[in-house]
Number of protein chains: 2
Amino acid sequence: MDAIDARQGRVKRLPREVRERQILDAAVRVFSAHGYHTASMDEISDVAGVSKPMIYAYLGSKEDLFAACIRREATLMMEAIAGGVQGDSAPDMQLWQGLRAFFSFVGAQRDSWRVLHRQATSQGGPFSDELVAMRGRAIELVDALLVRSATKQGMDEQATKGTSAMAAALVGAGESMADWWVDHPEVPGRTLATWLMNLVWMGFGDLVEGKVWTPNED
Amino acid sequence: MDAIDARQGRVKRLPREVRERQILDAAVRVFSAHGYHTASMDEISDVAGVSKPMIYAYLGSKEDLFAACIRREATLMMEAIAGGVQGDSAPDMQLWQGLRAFFSFVGAQRDSWRVLHRQATSQGGPFSDELVAMRGRAIELVDALLVRSATKQGMDEQATKGTSAMAAALVGAGESMADWWVDHPEVPGRTLATWLMNLVWMGFGDLVEGKVWTPNED
DNA sequence: AAGTAGATTTACCCGTCGGTAGGTTTCCTG
DNA sequence: CAGGAAACCTACCGACGGGTAAATCTACTT
């Protein structure tokens, strides 16, 4: 089991904030490299250039540390997305911008995404809670876009109720695509965004217009 | 950590084949319930109704056992899919049938899928190898369909080269969708298959006809 | 009945790793 | 220059869990 090296040069007596950041940085790297269980607190402390008890003093148990990683990276991601969307654009363009920002973030921060999504998903329990929270915020946002677009295009009020389900599906599809992307880095992020746009936007629009692929027989 | 109960009634002196099957059954359940690392050999042996050394005698180490689980479930799945496709149908219908069979299998065997895909993916190393093999076979199959369809529709020979990439993308999309499905069981499998069909088939067909969503600006 | 091979168990070893006790150093404040 | 608070470390513990040694038991063969 090869340990991550490149520990930071030991500087002494740094303020708590800085140490916490170093520890979180190290934790994200080690967790994403080895997975939650296989990652050892010893290695994290080593990579962070700090002794183990510091981690427990500042960030708590291993679970706490992992949760803290997720929280931080999730926040970073949501900010990156929000920063990439222009609020005055048309709904489809906003969705497009959001997707591009999303895939751009994931592409630049594969480590973060690994720890944030793939690891947190495969471990159950308290970890996924952090994800659920973030996903919830994302879904609300997307749902607002869908509703704006649907009512504008004249979708009947009844069908509008389904938007939240579709928003959830879209967000889930985005997550899954990003996850899939980890194993297929050669595909450009723009392409992913386009695919997703076609899937959900056509699937959504065509759901009104009725132009979709259907099996001839069953 | 609640342990799985419902151990099979101890029958003594069974032939090796039978015991191996019991052990694999138990292993799939426990691995999918707790995840690879958290699952303990003790619990697996308990659920299987067999003592621990038997597992080591028959299936080898924990890693070996896990790999054996993946291999078995992967084979089962491929057989299920192959059984659902009629070789004389049109390409799009074959794809449709395959997708339906695939989602049908995953839907009926969530446990298997969990251990087969989600767990194996999040753990790295030797485990994913088994998956890679299966995925390879699936991609070949899909690629054949795409090529048949593309040349039939008059796609130029040049573009045909991209089919293998698209086949890989399609298979990956299917995997990811199934993975996403684990967290959204309320969506019917047929719907998933339709979505995927629309994504890839329209994306594929429209890639020839040029009718896709594209951003106005950017 | 004896012998043999495979099925099956109990009881144990020991490495790894999360977590902590308790002390030491540095810096800031009055 | 006290003196205290906060940063920081070495060294250790204890449990969990993978893996095994060495017997024992049953069933079939000759």
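What you see below is based on every heavy atom in this structure, not just the backbone, and it leaves out hydrogens, waters and symmetry mates. Just so we're clear, the structure is a prediction, and the values are computed from it rather than from any experiment. Each chain gets a letter, A, B and so on, in the order its sequence line appears, and its residues count up from 1.
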Point to revise | Between dG18(C) (P) and Y36(A) (OH): distance, integer Å | key: 8 Å
Study note, to complete from the structure: Taking dG18(D), dG18(C), dT10(D) as options, the one with an atom nearest any side-chain atom of S40(B) is dG18(D)
Exercise for review: Using whole Å, report how far CD of Q22(A) lies from P of dA7(D).
Suggested key: 13 Å
Study note, to complete from the structure: Separation between CG (L99(A)) and CE (M177(A)), nearest 0.5 Å, reads 9.5 Å
**Study point:** Cation-pi check, K62(B) onto Y56(B) ring (under 6.0 Å, within 45° of axis)
**Key:** no
Revision key, fill the gap. Looking only at heavy atoms, the pair that brings E20(B) and L59(B) closest together is CG-CD2, 4.0 Å
**Study point:** Distance test, side-chain N/O of R19(A) to OP1/OP2 of dA7(D), below 4.0 Å
**Key:** no
Point to revise | Heavy atoms of other groups near E17(B) CD, more than 12 under 6.0 Å | key: no
Check your understanding: Is the W180(B) ring parallel, tilted or perpendicular to the W195(B) ring (thresholds 30°, 60°)?
Key -> tilted
Exercise for review: Return each pair, listed once, that meets salt bridge (charged side-chain N to carboxylate O under 4.0 Å, His left out) where at least one residue sits in residues 165-178 of chain B; pairs must be two or more places apart or across chains.
Suggested key: R135(B)-E175(B)
Check your understanding: How close or far is atom P of dT8(C) from atom CD of E20(B), stated in whole angstroms?
Key -> 11 Å
Exercise for review: List in numerical order all residues of residues 53-67 of chain A for which some heavy atom is under 4.0 Å away from an atom belonging to DNA chain C.
Suggested key: P53(A), Y56(A), S61(A), K62(A)
Exercise for review: Give the rounded distance in Å between these two atoms: CE of M41(B) and P of dT16(C).
Suggested key: 18 Å
Point to revise | Parallel, tilted or perpendicular: ring planes of F102(A) versus W113(A), cut at 30 and 60 degrees | key: perpendicular
Practice item. Counting heavy atoms from C-beta on, name the nucleotide in dT10(D), dG18(C), dG19(D) closest to the side chain of K52(B). Key: dG19(D)
Practice item. Can you check whether any acceptor in the base of dC25(D) is under 3.5 Å from a donor in the side chain of R13(B), or vice versa? Key: yes
Point to revise | Atom pair distance, as rounded to whole Å: CZ in R16(A) and P in dA5(D) | key: 16 Å
Point to revise | E17(A) CD - dA7(D) P separation (whole Å) | key: 10 Å
Review point. Separation of D46(A) atom CG from dT10(D) atom P, in whole Å?
Key: 11 Å
Practice item. Round to the nearest Å and state the distance from D42(B) atom CG to dC13(C) atom P. Key: 16 Å
